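The block underneath contains the structure these notes are about, expressed in structure tokens.
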Amino acid sequence: MVRKLYLVFSFSILLSASAFGQYEQAVAHTKVIFIYNFTKLIEWPTDYHQGDFVIGVLNANATLLGELNKLKTSGSQKLVIKNYKSVDEIDKCNILFVPETSNNLLAEVVKKLHGSSTLLVTDSEGDGKKGAAINFIWKDNKQAFELNKANAEKNHLNVSSSLETLAAVNIK
């Protein structure tokens, strides 16, 4: 009897871990789709149209990196994914995603990106008011985003009206 309970318990733990892995994969996939679409709905200055289109992530997990590495091009530019392990490593990139696990570094990131034309995308409540141009949120149990157009424009980025319409929240 004890052995049967042990087997049932062990199996349920494995199923839970598998379900969590699938959930994490689905969330990462959804965020990557959003990020890829941001490449089409934001216009960068001319000097950012040359060379590779770089999407950086500060301390990305393996699931998110795996999804990002499936991307190949943005317009005529080759997509390159960079995983920065520290704020000091961050260099020129078109998009920088700061996941919730690195949110404690946001103020440092905003300071580091000052004067650049990097689209800062974050994943924590309130970040749209702390320097991010786009912040992922959950609305009605669906992944969505809030847009702070003023933060994007400070970085010399032009936001399309389509992106404004798609935003669940427009921060003024």
Side-chain angles (χ1 to χ4, degrees), residues 27-124 126-137 143-172:
V27 170
H29 181 75
T30 302
K31 287 179 182 171
V32 168
I33 290 170
F34 273 105
I35 290 169
Y36 181 72
N37 283 312
F38 298 154
T39 71
K40 299 174 185 178
L41 299 171
I42 298 281
E43 186 179 328
W44 280 262
T46 307
D47 60 324
Y48 278 72
H49 290 260
Q50 299 167 0
D52 296 329
F53 189 100
V54 179
I55 298 175
V57 183
L58 184 58
N59 297 313
N61 66 42
T63 304
L64 182 66
L65 276 179
E67 288 297 317
L68 282 167
N69 281 316
K70 293 176 183 177
L71 302 176
K72 301 298 178 208
T73 60
S74 174
S76 62
Q77 292 177 280
K78 177 184 168 198
L79 271 169
V80 172
I81 308 304
K82 291 187 178 181
N83 184 22
Y84 301 112
K85 297 294 183 186
S86 72
V87 174
D88 289 337
E89 286 183 15
I90 297 170
D91 55 5
K92 183 179 177 182
C93 54
N94 297 74
I95 297 175
L96 179 66
F97 177 55
V98 178
E100 187 173 21
T101 54
S102 294
N103 190 259
N104 61 315
L105 302 170
L106 184 60
E108 206 177 327
V109 169
V110 170
K111 185 185 281 188
K112 172 87 176 191
L113 295 179
H114 180 75
S116 73
S117 294
T118 299
L119 177 69
L120 179 57
V121 180
T122 57
D123 197 19
S124 295
D127 284 353
K129 295 180 180 176
K130 297 177 184 173
I134 295 175
N135 183 48
F136 287 119
I137 60 172
Q143 186 74 71
F145 67 93
E146 54 188 13
L147 172 68
N148 189 323
K149 185 177 177 182
N151 285 347
E153 290 173 342
K154 282 182 206 172
N155 291 342
H156 316 288
L157 302 172
N158 292 321
V159 175
S160 73
S161 59
S162 296
L163 188 61
E164 288 183 75
T165 302
L166 291 170
V169 177
N170 282 286
I171 299 171
K172 302 293 178 188

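Since the model is a prediction, treat every value here as computed from it, not as a measurement.
Considering only heavy atoms from C-beta on, Leu96 comes within 4.5 Å of Ile90 through its side chain. Counting heavy atoms from C-beta on, the side chains of Asp52 and Leu79 never come closer than 4.5 Å. In this structure the side chain of Pro99 reaches within 4.5 angstrom of the side chain of Val57, judged on heavy atoms. In this structure, Thr118 and Ile95 have side chains that are not in contact, with every pair of non-hydrogen atoms separated by 4.5 Å or more. Using a 4.5 Å heavy-atom threshold, the side chains of Phe53 and Ile55 count as touching.
The line from CG of Asn83 to CG of Leu65 is 4.5 Å long, rounded to the nearest 0.5 Å. Here Thr101 contributes atom OG1 and Leu58 contributes atom CG; the two are 8.0 Å apart, rounded to the nearest 0.5 Å. Atom CG in Leu113 sits 11.0 Å away from atom CD in Glu108 (nearest 0.5 Å). Distance check: Ser124 OG to Lys130 NZ gives 7.5 Å after rounding to the nearest 0.5 Å. A distance of 8.5 Å separates OH in Tyr48 from CG in Leu157, rounded to the nearest 0.5 Å. Lys82 contributes atom NZ, which lies 7.5 Å from atom SG of Cys93 (distance to the nearest 0.5 angstrom).
Aromatic pair Phe38/Phe145: centroids less than 6.0 angstrom apart.
A donor-acceptor pair shorter than 3.5 Å cannot be found between the side chains of Asn155 and Ser117.
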Pair Lys85-Asn59, side chain to side chain contact (heavy atoms under 4.5 Å, CB included): steps then yes or no: CA-CA 5 Å; Lys85 297 294 183 186; Asn59 297 313; 4.1 Å; yes
For side chain to side chain contact (heavy atoms under 4.5 Å, CB included), just list the numbers for Thr39 and Leu71, CA-CA rounded to whole Å, side-chain angles, deciding distance to a tenth of an Å, and then say yes or no. CA-CA 11 Å; Thr39 71; Leu71 302 176; over 6 Å; no
Using the side chain to side chain contact (heavy atoms under 4.5 Å, CB included) rule, take Phe136 and Val121 through it: C-alpha gap first, then chi angles, then the decisive distance, then the call. CA-CA 8 Å; Phe136 287 119; Val121 180; 3.6 Å; yes
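Nearest heavy atoms, Gly128 versus Asn151: O-ND2, 3.3 Å. Between Asp127 and Glu146, the shortest heavy-atom contact is N-OE2, 4.5 Å. In terms of heavy atoms, Phe34 sits closest to Ala144 at CZ-CA, 4.2 Å. Across all non-hydrogen atoms, the minimal contact from Ala60 to Leu64 is CB-CD2, 4.4 Å.
Atom NZ of Lys129 is surrounded by 12 or fewer heavy atoms from other residues, nucleotides or ligands within 6.0 Å. Within 6.0 Å of the NE2 atom in His49, the count of heavy atoms belonging to other residues, nucleotides or ligands exceeds 12.
Remark: Lys40 pairs with Tyr36, Asn37 by the side-chain contact (heavy atoms from CB on, under 4.5 Å) rule, at least two apart or across chains.
Remark: of the listed residues Leu106, Asn135, Asn148, Leu106 is the sole one forming a side-chain contact (heavy atoms from CB on, under 4.5 Å) with Leu120.
Of the possible polar contacts, one joining the Gln143 side chain to the Ile137 backbone as a donor-acceptor pair under 3.5 Å is found. Side-chain N or O atoms of Trp44 include one that pairs as donor or acceptor with a backbone N or O of Asn94 at under 3.5 Å.
In summary, Glu67 and Lys70 engage in a salt bridge, as defined by a charged side-chain N under 4.0 Å from a carboxylate O. Taking 4.0 Å as the cut-off between side-chain N and carboxylate O, Asp123 and Lys31 count as a salt-bridged pair.
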For residues 162-172, run the donor-acceptor check on the side chains, cut-off 3.5 Å, and write out each pair with its distance to 0.1 Å, sequence neighbours left out.
unit_1: Glu164; atom_1: OE2; unit_2: Lys149; atom_2: NZ; d: 3.2
unit_1: Thr165; atom_1: OG1; unit_2: Ser161; atom_2: O; d: 3.0
unit_1: Asn170; atom_1: ND2; unit_2: Glu164; atom_2: O; d: 3.1

